Amino acid sequence: MTASDLSDLQRRILGLKEEKGALLLAHNYQVPEIQEIADYVGDSLELCMKAMQVEDAELIVFCGVDFMAETASVLNPDKKVVIPTLSARCPMAAMLPVSVLREAKEAHPEAAVVLYVNTLAEAKAEADVVCTSANAGRIIGRLDAETVLFGPDRNLALHAARLNPGKTIIPVPADGFCYVHRSFGDGAEALELKRRHPNAELLAHPECDPEYQLKADHIFSTGQMYRHCSKSDSKAFIITTEVGMVDRLRREMSGKTFLPARGDAICEDMKRITLENTYQALEREAPVVRVPEDIAERARAPIERMLKMSR
Ligand code: 13P
Ligand code: SF4
């Protein structure tokens with residue numbers, strides 16, 4: 001995209017970002033106009049790694065939901081991390097209050113605690129290790145423990161359990177879920193698309209229902225979807241995740257066809273971030289993402305452990 005293709009507001013954000021030496025990170029589910037001006041667009045694991053490598057920027061503008069910005073802040077205690085709106089909150093992350101996790105730990109003292117990055121920092125502070133949708137199975141496979149408490153996404157827990165048949169994985173809470181991925185149900189729409197486009201590869205996110213995951217060609221995080229589509233010889237892909245991913249694939253791989261399994265699979269929380277509130281956050285350097293220091297310190301260890309284990 002050239003500068004002349006950008007809107008006036010996009011150019012103003014880029015100008016201000018340069019003036020302040022700020023870094024703009026955006027998740028794959030952000031609206032296209034944010035993705036177009038981000039320094040880096042990626043999945044949760046890739047954004048954690050980028051946040052970790054930040055050296056020269058004192059200000060990070062995080063275009064994603066609460067737990068992602070918190071993770072960037074925990075990994076960069078000396079930097080100012082701002083989120084364009086505090087109302088961008090992942091409802092699944094809120095499904096695992098610390099009290100529920102502590103009860104499960106008391107009931108299973110022998111179990112390792114592996115938490116999805118989609119949790120709030122206060123829950124992460126209670127974990128042995130964090131994981132993302134890109135590495136959940138691998139992280140659990142590398143632990144000595146045979147029993148694992150895993151939260152909050154039940155479908156990701158079941159996916160990781162299939163990859164580790166020798167382990168017992170207990171979902172905490174019993175039915176944590178993402179409403180966007182639950183909307184694909186048993187994948188009827190995706191399978192109908194596959195019937196009409198038999199050569200298209202069917203890609204599913206591990207937050208989708210297990211019945212549907214079993215019918216997909218591949219189960220990938222959003223970053224893994226991106227890399228697979230860029231390398232695969234296939235010319236068409238059915239994408240079973242939030243539509244922002246499809247926007248990115250279409251923009252960056254124009255020679256291939258990307259079919260959203262459902263055009264209405266929209267994460268309303270991700271979409272609360274707009275060019276307008278991004279400009280304001282950059283200008284005012286607020287709202288700042290604040291994680292109390294004692295919680296941040298305890299949450300940092302399991303995130304760093306994940307980053308080491310996924311190398
Ligand atoms: P990814 O890490 O695969 O991008 O997933 C994040 C997320 O919130 C999925 O709903
Ligand atoms: Fe949370 Fe689902 Fe939105 Fe991902 S898509 S941020 S899991 S609500």
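In listed order, ligands and their atoms are each counted from 1. What you see is a predicted model, and the numbers here were worked out from it, not measured in a lab.
Ligand 1 has a nitrogen or oxygen under 3.5 angstrom from a nitrogen or oxygen of Ser133.
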Begin with the C-alpha distance, continue with both residues' side-chain angles, and end with the deciding distance and a verdict on ring-ring contact (aromatic ring centres under 6.0 Å, His included) for Phe258 and Phe237. CA-CA 5 Å; Phe258 298 99; Phe237 304 85; 5.5 Å; yes
ring-ring contact (aromatic ring centres under 6.0 Å, His included), that's the test. Do Phe220 and His205 meet it? Break it down for me. CA-CA 5 Å; Phe220 285 147; His205 194 276; over 10 Å; no
side-chain contact (heavy atoms from CB on, under 4.5 Å) assessment of Leu203 paired with Ile238: CA-CA 6 Å; Leu203 309 188; Ile238 299 159; over 6 Å; no
Please evaluate residues Leu143 and Val114 with respect to the criterion side-chain contact (heavy atoms from CB on, under 4.5 Å), reporting the C-alpha separation (whole Å), side-chain torsions for both, the decisive distance (0.1 Å), and the verdict. CA-CA 10 Å; Leu143 294 175; Val114 182; 3.5 Å; yes
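The protein atom (non-hydrogen) at minimum distance from atom 10 (O) of ligand 1 is Glu207 OE1, 2.9 Å.
Short contacts between ligand 1 and His181, defined as distances under 4.0 Å to a heavy atom of the residue, involve ligand atoms 10 (O). Atoms of ligand 1 lying under 4.0 Å from at least one heavy atom of Ser221, given by number and element, are 3 (O).
Counting heavy atoms under 4.0 Å from ligand 1, residue Thr132 does not touch it at all.
Residue contacts with ligand 1 include His27, since one of its heavy atoms falls under 4.0 Å from the ligand. Judged by the shortest distance from any of its heavy atoms, Tyr29 lies inside the 4.0 Å radius around the atoms of ligand 1. In this structure, Asn118 has a heavy atom closer than 4.0 Å to ligand 1. Residue His205 places a heavy atom under 4.0 Å from ligand 1.
For atom 2 (O) of ligand 1, the choice among Cys178, Cys48, Ser44 with the nearest heavy atom turns out to be Ser44.
Listed as neighbours of ligand 2 are Tyr29, Val65, Cys90, Pro91, Met92, Asn118, Cys178, Tyr179, Val180, Glu207, Cys267, Met270, each bearing a heavy atom under 4.0 Å from the ligand.
Salt-bridge check for Lys105 with Glu126: passed, with a basic side-chain N closer than 4.0 Å to an acidic carboxylate O. Ion pairing of Glu192 with Arg195 is present here, as a side-chain N (NZ or NE/NH1/NH2) and a carboxylate O approach within less than 4.0 Å.
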